[in-house]
Structures are given as C-alpha cells and as structure tokens.
Amino acid sequence: MQDKILYEYAVIRLIPKVEREEFVNVGLIMMSKRSKWIKVEICPDIKRIEAIARDTDTTLPLSQLEVFKSVCEGIGKFKEMPIEERFRWLTAVKSTCVQTSRPHPGITFDLDHTFNRLLTELVK
C-alpha cells in the first residue's frame, strides 16, 4: 500500500494594478518536504489579464513569472537552498504585481496527479 504524502501548494497571481487588488491566477507551485519534491507551472491567460489591465503594460510582471521556475529548479544561489525554503521564499507575502495565495496543505498518494488536477481547477 502506498504511503500518503503531505504537500503544500499556492496559486501564483498576477496583479496588474496592486491598488485595485484585482488579480488573475497564472500558475501553481506545489511542494512536498518529505518527498523532496517541488513543481511549478506558469500558464498566464493573456485575454484574462488584458480584461482587467487594458491600459497597463504587463510585459515586466509576466517576465518576472520566470523567477518561479528558476527558484524551483535551484538555479544560481537557490541551488543550495532546500526545497521547503525555496517554497517559503516564493510564497512569502509581498505587495508586488506577482504574488501567491497563502499556502494550503493537502494529502495525496500521487503528487503529479494532484498537481495537474489543482492546476486545471485553479488556473486553467
């Protein structure tokens, strides 16, 4: 019998105008400390973003989303950082155009399947 796996996830959001507090879910980050597993996927829906930010240049915030991939993959200074620290660093509260939801816990038998389900339900 497979063991249950504890995980945490957060939705990645793009907030074109922070003062208006409107956002679009653009990705998902998920981590399991015990399994030493972390995954992120960024899939912004440009039409949704343009619907709330017609007159705002979102080029820079969209390019900043790539940082999530770099941190998760352990590129550069993040190579030595354990995955749980990378996850905490990325999900720390910020008042910028790119933010995450609060982390949410869960239990699963299959991390990849759960990641794909959450991505479909919450982002796509």
Taking [X] for its side chain and [Y] for its backbone only, find out whether a donor-acceptor pair lies under 3.5 Å.
X      : Y      : answer
His113 : Leu111 : no
Ser101 : Ala10  : no
Gln99  : Arg13  : no
Thr96  : Val98  : yes
Lys69  : Leu65  : no

Residue that, paired with Phe23, satisfies side chain to side chain contact (heavy atoms under 4.5 Å, CB included) out of Ile15, Val11, Ile12: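 For Phe23, the side chain to side chain contact (heavy atoms under 4.5 Å, CB included) test succeeds with only one of Ile15, Val11, Ile12, which is Ile15.
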All pairs passing salt bridge (Lys or Arg N to Asp or Glu O under 4.0 Å) where residues 21-46 contributes a residue, at least two apart: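 Passing the test, one end in residues 21-46: Arg20-Glu22, Lys39-Asp112, Glu41-Lys124, Asp45-Arg48.
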Indicate the atoms forming the closest heavy-atom contact of [X] with [Y], along with that distance.
X      : Y     : value
Leu60  : Ser63 : O-OG, 2.7 Å
Gly106 : Leu6  : O-CD1, 3.3 Å
Ile5   : Ser32 : CG2-OG, 3.3 Å
Thr108 : Tyr7  : CG2-CD2, 3.7 Å
Leu90  : Cys72 : CD1-SG, 4.0 Å
Leu28  : Tyr9  : CD1-CD1, 3.7 Å

Are [X] and [Y] linked, directly or through other ILVMFWY residues, by side chains that come within less than 4.5 angstrom of each other?
X      : Y      : result
Leu122 : Val24  : no
Ile42  : Ile83  : yes
Val40  : Phe115 : no

Test item: [X] and [Y] side chains (from C-beta on) under 4.5 Å apart, heavy atoms:
X     : Y      : result
Val71 : Phe87  : no
Ile46 : Leu62  : yes
Lys4  : Phe109 : yes

Between OG1 on residue Thr114 and CG on residue Leu119, distance to nearest 0.5 Å: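 Interatomic distance, Thr114 OG1 to Leu119 CG, rounded to 0.5 Å: 12.5 Å.
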By side-chain hydrogen bond (donor to acceptor under 3.5 Å, both in side chains) - contacts of Thr58 (at least two apart):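 Listed in chain order: nothing, the list is empty.
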Evaluation steps, side chain to side chain contact (heavy atoms under 4.5 Å, CB included), between Cys43 and Val26: CA-CA 5 Å; Cys43 43; Val26 295; over 6 Å; no
Carboxylate-amine/guanidinium proximity below 4.0 Å for Arg117 and Glu121: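 Salt bridge flag = yes for Glu121 with Arg117.
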Stepwise side chain to side chain contact (heavy atoms under 4.5 Å, CB included) check, Trp37 with Met30: CA-CA 8 Å; Trp37 183 93; Met30 191 166 124; 3.7 Å; yes
Residue pairs passing the side chain to side chain donor-acceptor pair (under 3.5 Å) test where at least one lies in residues 80-92, sequence neighbours excluded: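 As it turns out, the side chain to side chain donor-acceptor pair (under 3.5 Å) pairs with a partner in residues 80-92, which skip direct neighbours, are Glu8-Arg88.
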